[in-house]
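The structure under discussion appears below in the form of C-alpha coordinates.
In listed order, ligands and their atoms are each counted from 1. By convention here, the first residue in the shown sequence is residue 1.
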Amino acid sequence: MKPLELLQELRRRDRVFPFIDEAPPPHPRLDTRHGPILYVEGITKSFDGFKALDDLTLYVGDGELRCLIGPNGAGKTTLMDVITGKTQPDTGHAWFGQRLNLLRMNEHDIAQAGIGRKFQKPTVYENLTVHENLELAMHAHRGLMTSLFWRLDGEQRDRVDEILELIGLKEEGHRAAGLLSHGQKQWLEVGSLLMQNPRLLLVDEPVAGMTPAETEATAELLVSLAGKHSVVVVEHDMEFVRSIARTVTVLHQGSVLAEGTMDQVQNDPKVREVYLGEEA
Ligand SMILES: Nc1ncnc2c1ncn2[C@@H]1O[C@H](COP(=O)(O)OP(=O)(O)OP(=O)(O)O)[C@@H](O)[C@H]1O
(Lines give C-alpha, C1' and ligand atoms only; values in the text may rest on other atoms or scores of the structure.)
Protein backbone atom coordinates (compact mmCIF):
# COMPACT_ATOMS: atom_id res chain seq x y z
CA MET A 1 0.00 0.00 0.00
CA LYS A 2 1.36 3.48 -0.94
CA PRO A 3 2.07 5.92 1.95
CA LEU A 4 -0.81 8.20 0.91
CA GLU A 5 -3.27 5.30 0.75
CA LEU A 6 -2.02 4.07 4.10
CA LEU A 7 -2.59 7.50 5.65
CA GLN A 8 -6.10 7.68 4.16
CA GLU A 9 -6.88 4.22 5.46
CA LEU A 10 -5.69 5.08 8.98
CA ARG A 11 -7.74 8.27 9.00
CA ARG A 12 -11.03 6.53 8.22
CA ARG A 13 -13.30 7.50 11.04
CA ASP A 14 -15.83 4.74 10.37
CA ARG A 15 -13.15 2.07 10.95
CA VAL A 16 -13.52 1.15 14.58
CA PHE A 17 -12.28 -2.41 14.76
CA PRO A 18 -8.64 -2.83 13.71
CA PHE A 19 -8.74 -6.66 13.60
CA ILE A 20 -10.87 -6.48 10.47
CA ASP A 21 -7.80 -6.34 8.26
CA GLU A 22 -6.14 -9.29 9.95
CA ALA A 23 -6.00 -12.71 8.33
CA PRO A 24 -8.39 -15.20 9.97
CA PRO A 25 -6.82 -17.66 12.42
CA PRO A 26 -6.40 -21.27 11.22
CA HIS A 27 -9.44 -22.61 13.14
CA PRO A 28 -11.94 -19.77 13.11
CA ARG A 29 -14.79 -19.91 15.58
CA LEU A 30 -17.45 -17.36 16.25
CA ASP A 31 -16.00 -14.81 18.63
CA THR A 32 -18.09 -11.89 19.87
CA ARG A 33 -15.88 -10.69 22.71
CA HIS A 34 -15.84 -7.17 21.29
CA GLY A 35 -19.65 -6.98 21.28
CA PRO A 36 -20.78 -7.04 17.66
CA ILE A 37 -21.74 -10.26 15.95
CA LEU A 38 -21.78 -8.66 12.53
CA TYR A 39 -19.29 -6.19 11.15
CA VAL A 40 -19.94 -4.68 7.73
CA GLU A 41 -17.39 -2.06 6.75
CA GLY A 42 -17.04 0.06 3.65
CA ILE A 43 -19.03 -2.33 1.45
CA THR A 44 -19.59 -1.18 -2.11
CA LYS A 45 -21.40 -3.20 -4.77
CA SER A 46 -22.11 -1.91 -8.25
CA PHE A 47 -24.38 -3.41 -10.88
CA ASP A 48 -23.47 -2.09 -14.34
CA GLY A 49 -21.94 1.03 -12.82
CA PHE A 50 -24.90 1.66 -10.46
CA LYS A 51 -23.91 1.53 -6.79
CA ALA A 52 -26.50 -0.60 -4.99
CA LEU A 53 -24.27 -0.41 -1.89
CA ASP A 54 -22.01 2.57 -1.45
CA ASP A 55 -19.32 2.41 1.25
CA LEU A 56 -21.83 0.94 3.69
CA THR A 57 -20.75 0.46 7.30
CA LEU A 58 -22.93 -1.24 9.89
CA TYR A 59 -22.40 -3.16 13.12
CA VAL A 60 -24.94 -5.41 14.82
CA GLY A 61 -24.45 -6.28 18.50
CA ASP A 62 -24.54 -9.85 19.80
CA GLY A 63 -28.10 -10.63 20.87
CA GLU A 64 -29.48 -7.45 19.33
CA LEU A 65 -32.76 -7.06 17.46
CA ARG A 66 -32.04 -4.58 14.69
CA CYS A 67 -34.52 -3.21 12.17
CA LEU A 68 -33.38 -2.19 8.74
CA ILE A 69 -35.62 0.18 6.85
CA GLY A 70 -35.27 2.25 3.71
CA PRO A 71 -37.20 3.12 0.57
CA ASN A 72 -37.38 0.75 -2.40
CA GLY A 73 -33.99 0.28 -3.99
CA ALA A 74 -32.09 1.46 -0.88
CA GLY A 75 -29.90 -1.67 -0.95
CA LYS A 76 -31.44 -3.75 1.84
CA THR A 77 -31.68 -6.98 -0.15
CA THR A 78 -28.24 -6.51 -1.66
CA LEU A 79 -26.83 -6.11 1.86
CA MET A 80 -28.50 -9.38 2.96
CA ASP A 81 -27.09 -11.03 -0.19
CA VAL A 82 -23.58 -9.89 0.72
CA ILE A 83 -23.87 -11.10 4.32
CA THR A 84 -25.12 -14.53 3.24
CA GLY A 85 -22.54 -14.99 0.50
CA LYS A 86 -24.97 -14.75 -2.41
CA THR A 87 -23.31 -11.61 -3.73
CA GLN A 88 -19.62 -10.75 -3.59
CA PRO A 89 -19.05 -7.01 -3.04
CA ASP A 90 -16.54 -4.96 -5.01
CA THR A 91 -14.85 -3.57 -1.91
CA GLY A 92 -15.19 -3.66 1.87
CA HIS A 93 -15.23 -6.16 4.70
CA ALA A 94 -17.90 -8.37 6.26
CA TRP A 95 -17.16 -10.39 9.39
CA PHE A 96 -19.25 -12.70 11.52
CA GLY A 97 -17.89 -12.16 14.99
CA GLN A 98 -14.29 -11.14 14.91
CA ARG A 99 -12.89 -14.32 13.43
CA LEU A 100 -15.05 -15.34 10.48
CA ASN A 101 -14.43 -13.42 7.29
CA LEU A 102 -17.72 -13.78 5.41
CA LEU A 103 -16.20 -12.64 2.14
CA ARG A 104 -13.98 -15.73 2.10
CA MET A 105 -16.86 -18.13 2.74
CA ASN A 106 -19.50 -19.55 0.39
CA GLU A 107 -23.26 -19.53 1.04
CA HIS A 108 -23.26 -23.03 2.49
CA ASP A 109 -20.39 -22.37 4.90
CA ILE A 110 -21.99 -19.12 6.04
CA ALA A 111 -25.24 -20.93 6.81
CA GLN A 112 -23.30 -23.67 8.62
CA ALA A 113 -21.43 -21.04 10.62
CA GLY A 114 -24.76 -19.82 12.03
CA ILE A 115 -26.35 -17.20 9.78
CA GLY A 116 -29.94 -18.10 8.86
CA ARG A 117 -31.98 -16.18 6.32
CA LYS A 118 -35.73 -16.08 5.99
CA PHE A 119 -36.99 -14.81 2.67
CA GLN A 120 -40.27 -12.95 2.34
CA LYS A 121 -42.17 -15.81 0.73
CA PRO A 122 -42.56 -18.78 3.07
CA THR A 123 -41.04 -21.97 1.71
CA VAL A 124 -42.33 -24.90 3.74
CA TYR A 125 -42.95 -28.48 2.64
CA GLU A 126 -46.71 -28.24 2.21
CA ASN A 127 -47.35 -32.01 2.09
CA LEU A 128 -45.43 -32.73 5.28
CA THR A 129 -46.75 -32.04 8.74
CA VAL A 130 -45.53 -29.11 10.80
CA HIS A 131 -43.59 -31.56 12.97
CA GLU A 132 -41.97 -33.21 9.95
CA ASN A 133 -40.96 -29.82 8.58
CA LEU A 134 -39.07 -29.10 11.79
CA GLU A 135 -37.50 -32.58 11.85
CA LEU A 136 -36.32 -32.10 8.31
CA ALA A 137 -34.80 -28.75 9.17
CA MET A 138 -32.86 -30.37 11.98
CA HIS A 139 -31.31 -32.85 9.57
CA ALA A 140 -31.21 -30.63 6.50
CA HIS A 141 -27.59 -31.57 5.84
CA ARG A 142 -28.58 -35.27 5.50
CA GLY A 143 -30.82 -34.82 2.47
CA LEU A 144 -34.60 -35.19 2.19
CA MET A 145 -35.04 -38.98 2.16
CA THR A 146 -32.52 -39.74 4.91
CA SER A 147 -33.99 -36.97 7.05
CA LEU A 148 -37.51 -38.30 6.72
CA PHE A 149 -36.51 -41.75 7.92
CA TRP A 150 -34.14 -40.53 10.59
CA ARG A 151 -35.39 -41.35 14.07
CA LEU A 152 -35.21 -38.52 16.56
CA ASP A 153 -33.66 -39.17 19.94
CA GLY A 154 -35.31 -37.84 23.10
CA GLU A 155 -33.30 -34.64 23.14
CA GLN A 156 -34.17 -33.90 19.53
CA ARG A 157 -37.87 -34.54 20.17
CA ASP A 158 -37.69 -32.08 23.06
CA ARG A 159 -36.06 -29.55 20.77
CA VAL A 160 -38.87 -29.90 18.19
CA ASP A 161 -41.46 -29.47 20.96
CA GLU A 162 -39.64 -26.43 22.32
CA ILE A 163 -39.63 -24.78 18.88
CA LEU A 164 -43.30 -25.70 18.27
CA GLU A 165 -44.16 -23.94 21.51
CA LEU A 166 -42.00 -20.93 20.69
CA ILE A 167 -43.57 -20.39 17.25
CA GLY A 168 -47.09 -20.92 18.60
CA LEU A 169 -47.80 -24.08 16.59
CA LYS A 170 -47.92 -26.65 19.37
CA GLU A 171 -51.49 -27.58 18.52
CA GLU A 172 -50.72 -27.79 14.80
CA GLY A 173 -47.81 -30.26 14.96
CA HIS A 174 -49.65 -33.03 13.08
CA ARG A 175 -51.35 -30.85 10.50
CA ALA A 176 -50.05 -30.66 6.95
CA ALA A 177 -48.09 -27.44 6.57
CA GLY A 178 -50.11 -26.67 3.44
CA LEU A 179 -53.22 -26.21 5.61
CA LEU A 180 -51.65 -23.49 7.75
CA SER A 181 -52.54 -19.82 7.37
CA HIS A 182 -50.01 -17.52 5.71
CA GLY A 183 -48.85 -16.24 9.10
CA GLN A 184 -48.46 -19.74 10.52
CA LYS A 185 -46.37 -20.75 7.51
CA GLN A 186 -44.09 -17.80 8.18
CA TRP A 187 -43.66 -18.90 11.81
CA LEU A 188 -42.98 -22.46 10.70
CA GLU A 189 -40.24 -21.20 8.47
CA VAL A 190 -38.75 -19.20 11.32
CA GLY A 191 -39.00 -22.39 13.40
CA SER A 192 -37.21 -24.38 10.69
CA LEU A 193 -34.37 -21.87 10.76
CA LEU A 194 -34.25 -22.06 14.55
CA MET A 195 -33.83 -25.85 14.39
CA GLN A 196 -30.32 -25.17 13.10
CA ASN A 197 -29.72 -22.88 16.06
CA PRO A 198 -28.40 -19.86 14.15
CA ARG A 199 -26.62 -17.10 16.03
CA LEU A 200 -27.77 -14.48 13.52
CA LEU A 201 -31.17 -14.49 11.81
CA LEU A 202 -31.89 -12.28 8.82
CA VAL A 203 -35.62 -11.87 8.33
CA ASP A 204 -37.06 -10.24 5.22
CA GLU A 205 -40.46 -8.53 5.53
CA PRO A 206 -41.89 -10.99 8.07
CA VAL A 207 -45.34 -9.43 8.39
CA ALA A 208 -46.18 -8.73 4.74
CA GLY A 209 -49.68 -10.12 4.11
CA MET A 210 -50.36 -10.96 7.78
CA THR A 211 -53.52 -10.20 9.74
CA PRO A 212 -53.16 -7.72 12.66
CA ALA A 213 -53.28 -10.61 15.17
CA GLU A 214 -50.60 -12.52 13.27
CA THR A 215 -48.50 -9.36 13.06
CA GLU A 216 -48.71 -8.93 16.82
CA ALA A 217 -47.74 -12.55 17.45
CA THR A 218 -44.80 -12.18 15.05
CA ALA A 219 -43.61 -9.12 16.97
CA GLU A 220 -43.68 -11.15 20.18
CA LEU A 221 -41.83 -14.03 18.54
CA LEU A 222 -39.03 -11.85 17.16
CA VAL A 223 -38.64 -9.94 20.42
CA SER A 224 -38.44 -13.24 22.30
CA LEU A 225 -35.63 -14.47 20.02
CA ALA A 226 -33.37 -11.50 20.73
CA GLY A 227 -30.77 -12.12 23.39
CA LYS A 228 -30.26 -15.75 22.52
CA HIS A 229 -30.03 -14.93 18.83
CA SER A 230 -29.19 -11.73 17.02
CA VAL A 231 -31.94 -10.74 14.62
CA VAL A 232 -31.92 -8.32 11.69
CA VAL A 233 -35.39 -7.54 10.38
CA VAL A 234 -35.96 -5.82 7.04
CA GLU A 235 -39.43 -4.35 7.05
CA HIS A 236 -41.51 -1.64 5.35
CA ASP A 237 -44.34 -1.67 7.91
CA MET A 238 -43.38 1.23 10.19
CA GLU A 239 -45.95 0.46 12.84
CA PHE A 240 -44.52 -3.03 13.15
CA VAL A 241 -40.96 -1.70 13.26
CA ARG A 242 -41.97 0.69 16.02
CA SER A 243 -43.47 -2.20 17.99
CA ILE A 244 -40.27 -4.27 18.01
CA ALA A 245 -37.37 -1.95 17.36
CA ARG A 246 -34.67 -0.95 19.77
CA THR A 247 -32.27 0.37 17.14
CA VAL A 248 -33.32 1.20 13.61
CA THR A 249 -30.90 1.64 10.71
CA VAL A 250 -32.15 3.62 7.73
CA LEU A 251 -30.56 2.83 4.38
CA HIS A 252 -30.73 5.17 1.45
CA GLN A 253 -28.91 4.90 -1.88
CA GLY A 254 -26.73 2.10 -0.57
CA SER A 255 -25.46 3.86 2.58
CA VAL A 256 -26.58 4.32 6.16
CA LEU A 257 -28.60 7.54 6.29
CA ALA A 258 -29.46 7.43 9.99
CA GLU A 259 -29.38 5.10 12.98
CA GLY A 260 -31.02 5.33 16.39
CA THR A 261 -34.30 4.72 18.13
CA MET A 262 -37.49 4.84 16.09
CA ASP A 263 -38.21 8.32 17.45
CA GLN A 264 -34.75 9.54 16.61
CA VAL A 265 -34.83 8.33 13.03
CA GLN A 266 -38.42 9.47 12.42
CA ASN A 267 -37.52 12.96 13.58
CA ASP A 268 -34.30 13.06 11.59
CA PRO A 269 -34.69 15.70 8.84
CA LYS A 270 -32.66 13.60 6.38
CA VAL A 271 -34.99 10.64 6.92
CA ARG A 272 -38.10 12.79 6.62
CA GLU A 273 -36.84 14.20 3.37
CA VAL A 274 -36.21 10.75 1.90
CA TYR A 275 -39.53 9.28 3.05
CA LEU A 276 -41.83 12.24 2.83
CA GLY A 277 -40.06 14.51 0.38
CA GLU A 278 -39.88 17.17 3.07
CA GLU A 279 -37.24 19.89 2.95
CA ALA A 280 -34.42 19.19 5.43
N1 LIG B 1 -28.63 -8.24 -9.82
C2 LIG B 1 -28.85 -6.95 -10.02
N3 LIG B 1 -28.60 -6.39 -11.23
C4 LIG B 1 -28.81 -5.08 -11.44
N5 LIG B 1 -29.27 -4.22 -10.50
C6 LIG B 1 -29.54 -4.72 -9.29
C7 LIG B 1 -29.36 -6.10 -8.98
N8 LIG B 1 -29.71 -6.29 -7.68
C9 LIG B 1 -30.11 -5.09 -7.20
N10 LIG B 1 -30.01 -4.15 -8.17
C11 LIG B 1 -30.33 -2.75 -8.01
O12 LIG B 1 -29.71 -2.28 -6.83
C13 LIG B 1 -30.57 -1.37 -6.14
C14 LIG B 1 -30.79 -1.85 -4.73
O15 LIG B 1 -31.65 -2.98 -4.77
P16 LIG B 1 -32.11 -3.77 -3.49
O17 LIG B 1 -33.00 -4.88 -3.99
O18 LIG B 1 -30.94 -4.16 -2.69
O19 LIG B 1 -32.97 -2.68 -2.73
P20 LIG B 1 -34.01 -2.89 -1.53
O21 LIG B 1 -33.70 -1.83 -0.52
O22 LIG B 1 -33.99 -4.30 -1.07
O23 LIG B 1 -35.40 -2.55 -2.23
P24 LIG B 1 -36.88 -3.14 -1.91
O25 LIG B 1 -37.31 -2.50 -0.63
O26 LIG B 1 -37.67 -2.66 -3.07
O27 LIG B 1 -36.77 -4.63 -1.85
C28 LIG B 1 -31.86 -1.27 -6.96
O29 LIG B 1 -31.80 -0.11 -7.77
C30 LIG B 1 -31.83 -2.52 -7.81
O31 LIG B 1 -32.47 -2.32 -9.05
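- Ring planes of H174 and H131: parallel class, angle under 30° (limits at 30 and 60°).
- Side chains of Q186 and K118: a donor-acceptor N/O pair is present below 3.5 angstrom, by distance only.
- In this structure E126 satisfies the salt bridge (Lys or Arg N to Asp or Glu O under 4.0 Å) test together with K185, sequence neighbours excluded.
- Qualifying salt bridge (Lys or Arg N to Asp or Glu O under 4.0 Å) partners for R66, counting only residues two or more places apart in sequence or in other chains: E64, E259.
- Pocket lining of ligand 1, defined as residues with a non-hydrogen atom under 4.0 Å away: F47, F50, A52, P71, N72, G73, A74, G75, K76, T77, T78, H236.
- With hydrogens and angles ignored, the 3.5 Å screen pairs a side-chain donor or acceptor of N133 with a backbone N or O of Y125.
- Partners of E172 under the salt bridge (Lys or Arg N to Asp or Glu O under 4.0 Å) rule, at least two apart in sequence or in another chain, are R175.
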